[in-house]
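Structure first, commentary second.
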Amino acid sequence: MLILLTNDDGIHSEGLTLLRESLLGKHEVCAVAPERERTCVGHAITLHKPLRIKELGGGVYATNGTPADCVLLGVKAVLKKKPDLIISGINKGPNMGQDVNYSGTVAAAKEGAFLGIPSLAVSINARSRYHFADAIRVTETIIQVLEENNVLDSTFLNINIPNVSYSKMKGFMVTRLGKRIYNGKVVERTDPRGGKYYWIGGDSDNFDPIEGTDLLAVSQGYVSVTPLHWDMTTAMALDAVKKIFQKEAG
C-alpha cells in the first residue's frame with residue numbers, strides 16, 4: 001500500500017517516526033507533517049499566507065501548515081498518485097469524546113475522508129511513558145483488517161489505544177463518542193508591563209462512564225474504534241426541529 005502519514009505533534013514526534021520505520025518494511029510510506037507541534041488547531045486550513053514544504057529525505061516532508069494542510073499538500077502536491085491510506089498519528093495523548101472537535105490529529109483523518117481516501121486517526125491514552133511499540137502493533141493489525149475489508153468510504157476511524165503492553169489489551173471494541181467532564185479554566189496573569197494575558201487549560205481526565213463509548217472502553221483496556229463522518233447532521237433531532245419550524249412557517 002501507499003500510505004501517507006501525518007500528525008499534529010510535529011514531524012519529529014516519536015509516534016510518527018517509529019510508525020513510519022515499522023511500516024516501511026511492508027509498505028511505501030510518505031510522511032508530511034507540521035514542522036512544529038500544532039495540537040488543538042482543529043480543522044483549520046491556511047488561506048492567507050503561503051505554505052512551504054521542506055524535504056527532509058527518505059519521503060519525509062515538513063510544512064508550516066496545519067495537519068489538514070499537510071493532508072492536502074501530501075495528496076495534491078507531494079505524491080504522484082492518491083494514497084491507499086492516510087494515518088494521522090500516533091498521537092501522544094488521547095482523542096476521545098469532545099476532544100475530536102479540537103484535535104488536529106482527528107482533523108487530518110477527516111480531511112482524508114473529505115478526499116475520499118480511507119483514513120485513520122490513531123492516539124495513545126497517555127501523557128508520558130508511551131508504549132509506542134504496542135500501539136504500532138495495534139495499528140498494523142488495523143491496516144491488515146482494512147486491506148482485507150474495504151469498509152471505509154467517507155467514513156474514517158478514530159482509534160484510541162490503552163497505554164499498556166499488547167498482551168494486556170482486551171481486544172477491539174467498536175464505540176461511539178463519549179462525554180468528557182471538562183474542568184476548563186481561563187487563568188488571568190499580568191506581564192512585566194502591567195498588561196493582562198490569559199492561559200486556557202484545565203483537567204479533562206474525568207468522563208461519564210457510559211456503556212459503548214470510547215472513554216469507557218479504553219479505561220477498561222480495550223482498543224476503541226469509533227467510526228466518524230464529516231456529516232455532523234444530528235439525525236435524531238431532524239423531525240423535532242422540522243415540527244418547530246413548520247409551526248413558525250404556518
Side-chain angles (χ1 to χ4, degrees), residues 1-21 23-24 27-93 95 99-123 139 142-143 146-147 150-160 226-233:
M1 298 177 73
L2 173 58
I3 298 176
L4 174 63
L5 298 183
T6 191
N7 67 6
D8 71 358
D9 288 329
I11 192 66
H12 299 294
S13 175
E14 306 98 308
L16 184 146
T17 300
L18 294 172
L19 178 60
R20 173 183 170 273
E21 291 173 355
L23 293 178
L24 278 172
H27 304 281
E28 184 181 355
V29 182
C30 176
V32 182
E35 61 191 3
R36 60 183 177 86
E37 185 175 347
R38 301 300 299 267
T39 298
C40 282
V41 299
H43 206 124
I45 58 172
T46 303
L47 299 178
H48 302 295
K49 67 177 183 180
L51 291 170
R52 303 191 186 275
I53 302 172
K54 182 178 181 180
E55 185 172 1
L56 303 180
V60 178
Y61 302 82
T63 85
N64 60 331
T66 66
D69 288 333
C70 290
V71 171
L72 285 169
L73 291 172
V75 174
K76 303 288 188 180
V78 175
L79 292 173
K80 304 294 185 186
K81 61 179 181 178
K82 183 183 289 189
D84 300 301
L85 179 67
I86 294 173
I87 303 176
S88 181
I90 296 171
N91 190 68
K92 296 192 289 185
N95 282 300
D99 296 345
V100 302
N101 297 291
Y102 302 105
S103 169
T105 301
V106 174
K110 189 193 297 183
E111 187 65 33
F114 284 174
L115 298 173
I117 301 168
S119 300
L120 309 175
V122 183
S123 306
T139 305
I142 293 170
I143 292 171
L146 294 178
E147 282 185 290
N150 185 18
V151 295
L152 300 182
D153 184 9
S154 53
T155 300
F156 64 101
L157 299 182
N158 186 39
I159 313 296
N160 283 274
T226 308
L228 297 178
H229 197 278
W230 52 262
D231 183 355
M232 295 189 293
T233 306

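Only heavy atoms go into these numbers, but all of them, side chains included; no hydrogens, no water, no symmetry mates.
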If we only count heavy atoms from C-beta on, is the Leu4 to Thr6 side-chain gap below 4.5 Å? no

Ala113 and Ser119 have their tightest heavy-atom pair at N-OG, 3.7 Å

Between Glu21 and Leu18, is there a side-chain heavy-atom distance shorter than 4.5 Å? yes

Determine whether Leu157 and Leu152 make a side-chain contact, defined as any pair of heavy atoms from C-beta on separated by less than 4.5 Å. yes

Shortest non-hydrogen separation from Val71 to Ala108 and the atoms involved: CG2-O, 3.4 Å

Val106 pairs by side-chain contact (heavy atoms from CB on, under 4.5 Å) with which of Asn158, Asp99, Asp8? Asn158

Measure the CD1-CD1 distance between Ile142 and Ile159 for me, rounded to the nearest 0.5 Å. 4.0 Å

So, do Pro34 and Asn7 sit near enough that their side-chain heavy atoms are less than 4.5 Å apart? yes

Got a donor-acceptor contact below 3.5 angstrom from the Asp9 side chain to the Gly15 backbone? no

Matching residue for Ser103 among Thr39, Asn91, Asn95 - test: side chain to side chain donor-acceptor pair (under 3.5 Å): Asn95

So, taking the atom named CG in Asp69 and the one named NZ in Lys76, what distance separates them when rounded to the nearest 0.5 Å? 14.0 Å

Nearest atoms (heavy-atom pairs only) where His229 meets Asp231: ND1-N, 2.9 Å

Around atom OH of Tyr102, are there more than 12 heavy atoms from other residues, nucleotides or ligands closer than 6.0 Å? no

Any pair counted as ring-ring contact (aromatic ring centres under 6.0 Å, His included), so long as it reaches residues 2-21, sequence neighbours left out: none

Any chance you could measure Asn101, atom CG, to Met232, atom CE, to the nearest 0.5 Å? 7.5 Å

Give me the atom names and distance for the closest heavy-atom approach of Ile45 to Thr66. CA-OG1, 4.1 Å

Side chains of Leu72 and Leu115: closer than 4.5 Å at any heavy-atom pair? yes

Min side-chain heavy-atom separation His27-Glu147 under 4.5 Å: yes

Pick out which of Leu146, Val29, Ile143, Leu23 makes a side-chain contact (heavy atoms from CB on, under 4.5 Å) with Met1. Ile143

Between side-chain atoms of residues 79-88 and protein atoms elsewhere (two or more places apart, or another chain), which donor-acceptor pairs fall under 3.5 Å?
from  : atom 1 : to     : atom 2 : distance (Å)
Asp84 : OD2    : Leu2   : N      : 2.8
Ser88 : OG     : Thr105 : O      : 2.8

Looking only at heavy atoms, which two atoms of Pro67 and Gly104 are closest? And how far apart? CB-O, 3.3 Å

Name every donor-acceptor pair, under 3.5 Å, that has one atom in a side chain of residues 54-64 and the other anywhere in the protein, sequence neighbours excluded.
from  : atom 1 : to    : atom 2 : distance (Å)
Thr63 : OG1    : Gly65 : N      : 3.0
Asn64 : OD1    : Arg52 : N      : 2.7
Asn64 : ND2    : Pro50 : O      : 3.2

Distance, nearest 0.5 Å, that separates OG of Ser13 from CG of Leu19: 10.5 Å

Considering only heavy atoms from C-beta outward, does the side chain of His43 approach that of Trp230 to under 4.5 Å? no

